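The next block holds one structure in the form of structure tokens; read it before the comments.
Nothing here was measured: the structure is a model prediction, and the numbers come from that model.
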Amino acid sequence: LIKKYMENTISPEEFYRLKGNVNKIPDPELSDAIEDIWKQSRPGMMDAATKRGVRESLSSKLRPAGIGRLRRFAIAAAVLIPMLAASAIFFAVRTDRPASQQVFTVFTEGGQKTRMYLLDGTKVWLNSGSTLEYDNNYNSGNRRVKMTGEAFFDVAKSEAAGFIVDAGGISVLVHGTAFNVTSYEQDQTISVSLNRGKVSVENASDHSLIAELSPDQQLVISKKDLSGKVYACDAEYESLWTQNKLRLEDASTAELFKAMEHWYGVSITTGNAIPSNRYSLTIKTESLSEMLDLINRLTQIKYTINGEEVTITYK
């Protein structure tokens, strides 16, 4: 399973089986497994500089808030196998289709973010708890992807083929541009924010036009009937998460904790919350407990963190 993970051929089921068992593997055995896989893919032993690079990568990329050994291992794998872009990412190949129609899926776990490059040079940032799908014919006259969650696209220009993003019943059509799409399954709306260029957003089923966007415009679409409304926005602000910053301006209590759930990959339950409270803050490298301590200084709360479950009670 470790070898499959490092070679990007692991299925979602195998990934979760590995995740559930990796903590049972003693550190020396895990280290030996990584070295064995290294020797299978490259000539010679891992030298001291490579091992030091792995250690430095772990030190620089791990956050103070608890990260499991699987994520630590995945960062090491990213150093060993360059095609792995970051610890947040793993790949799966749909095996229920013929080889000519293989679908590749990229996942990010809750509380993690990653950046990747598609074959045409398009850059994609995936936010916490997001997926991106594309097939093995991508970039062969076909530049179509499907996503859930939140993603930012910096699309490489191409005269031969446009770029299409399918998300929650809509299709975003572009040629060369940069834009952000938010389409989490649990949300009632889909939003598209345009940084530069121009995009058209269509109903995916009948191809009817919902809206065309210019820079610094945001389209908010109801999932219920796919009706949409265009607003002026600061598109750079909407995509700040790609720079590992979460900025909230005059956010309600519900908006604050919803954003923190996505950011940290946790589930937050609140009691005695005051809906009228408003918050303006920026999260960069702060851990979950550090942010909760900050909120406690603004409005007194009591909180408990139990793994991925967080309970907050207003005093």
Between [X] (side chain only) and [Y] (backbone N and O only), is there a donor and an acceptor less than 3.5 Å apart?
{"X": "Glu286", "Y": "Lys284", "answer": "yes"}
{"X": "Thr122", "Y": "Ala156", "answer": "yes"}
{"X": "Gln218", "Y": "Tyr231", "answer": "no"}
{"X": "Ser200", "Y": "Glu212", "answer": "no"}
{"X": "Glu309", "Y": "Asn306", "answer": "no"}
{"X": "Ser130", "Y": "Thr108", "answer": "no"}
{"X": "Asp135", "Y": "Tyr138", "answer": "yes"}

Do [X] and [Y] have side-chain heavy atoms sitting under 4.5 Å apart?
{"X": "Ile268", "Y": "Met260", "answer": "yes"}
{"X": "Glu308", "Y": "Ser267", "answer": "no"}
{"X": "His262", "Y": "Lys113", "answer": "no"}
{"X": "Ile295", "Y": "Ile312", "answer": "no"}
{"X": "Leu288", "Y": "Ile305", "answer": "yes"}
{"X": "Arg278", "Y": "Ser252", "answer": "yes"}

Evaluate Ser289 against Tyr303 for side-chain contact (heavy atoms from CB on, under 4.5 Å), listing each step before the verdict.
CA-CA 9 Å; Ser289 58; Tyr303 68 86; 4.0 Å; yes
Lys223 atom NZ: more than 12 heavy-atom contacts under 6.0 Å:
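Yes, enclosed.
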Around atom CD of Glu159, are there more than 12 heavy atoms from other residues, nucleotides or ligands closer than 6.0 Å?
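Check fails, neighbour count at 12 or below.
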Closest approach of [X] and [Y], non-hydrogen atoms and distance?
{"X": "Phe152", "Y": "Ala178", "answer": "CZ-CB, 3.8 Å"}
{"X": "Tyr117", "Y": "Lys123", "answer": "CE2-CG, 3.1 Å"}
{"X": "Leu194", "Y": "Gly197", "answer": "CD2-O, 3.4 Å"}
{"X": "Ala167", "Y": "Ile190", "answer": "O-CD1, 3.6 Å"}
{"X": "Trp241", "Y": "Trp125", "answer": "CH2-O, 3.3 Å"}
{"X": "Thr270", "Y": "Ala273", "answer": "OG1-CB, 4.1 Å"}

Give me the one residue out of Val124, Leu119, Val106 that meets side-chain contact (heavy atoms from CB on, under 4.5 Å) with Tyr134.
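Filter result, single survivor: Val106.
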With Arg143, which of Val165, Val155, Asn137, Val174 fulfils side-chain contact (heavy atoms from CB on, under 4.5 Å)?
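For Arg143, the side-chain contact (heavy atoms from CB on, under 4.5 Å) test succeeds with only one of Val165, Val155, Asn137, Val174, which is Val155.
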May I ask you to say whether Asp154 pairs ionically with Arg115, meaning some side-chain N is under 4.0 Å from a carboxylate O?
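Here Asp154 does not pair with Arg115 in a salt bridge, since their nearest N and O are not under 4.0 Å apart.
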From [X] atom [atom1] to [Y] atom [atom2], the distance as rounded to the nearest 0.5 Å:
{"X": "Ile283", "Y": "Leu240", "atom1": "CD1", "atom2": "CG", "result": "12.0 Å"}
{"X": "Leu248", "Y": "Tyr237", "atom1": "CG", "atom2": "OH", "result": "5.5 Å"}
{"X": "Gln243", "Y": "Glu236", "atom1": "CD", "atom2": "CD", "result": "6.5 Å"}
{"X": "Ile221", "Y": "Ser227", "atom1": "CD1", "atom2": "OG", "result": "9.0 Å"}
{"X": "Ile170", "Y": "Leu219", "atom1": "CD1", "atom2": "CG", "result": "7.0 Å"}
{"X": "Leu298", "Y": "Tyr279", "atom1": "CG", "atom2": "OH", "result": "7.0 Å"}

Verify whether one side chain among [X] and [Y] offers a donor that lies under 3.5 Å from an acceptor in the other.
{"X": "Thr148", "Y": "Thr131", "answer": "yes"}
{"X": "Asn203", "Y": "Ser205", "answer": "yes"}
{"X": "Ser171", "Y": "Asp166", "answer": "yes"}

May I have the step-by-step check of side-chain contact (heavy atoms from CB on, under 4.5 Å) for Phe163 and Leu118, ending in yes or no?
CA-CA 12 Å; Phe163 185 88; Leu118 297 177; 4.1 Å; yes
According to a 4.5 Å side-chain heavy-atom criterion applied to Ile, Leu, Val, Met, Phe, Trp and Tyr, with indirect links allowed, do [X] and [Y] form part of one hydrophobic cluster?
{"X": "Ile301", "Y": "Leu281", "answer": "yes"}
{"X": "Ile164", "Y": "Leu126", "answer": "no"}
{"X": "Tyr314", "Y": "Val310", "answer": "yes"}
{"X": "Met147", "Y": "Met116", "answer": "yes"}
{"X": "Leu173", "Y": "Leu213", "answer": "no"}

Going through the distances and angles, do Glu133 and Thr105 end up as a side-chain contact (heavy atoms from CB on, under 4.5 Å)?
CA-CA 4 Å; Glu133 291 185 1; Thr105 305; 3.5 Å; yes
Intermediate values then yes/no, side-chain contact (heavy atoms from CB on, under 4.5 Å), Lys315 and Lys302
CA-CA 7 Å; Lys315 297 180 180 179; Lys302 179 181 178 181; 4.1 Å; yes
Please state whether the rings of Phe179 and Phe153 are parallel, tilted or perpendicular, taking 30° and 60° as the class boundaries.
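The arrangement is parallel - the two ring planes meet at less than 30°.
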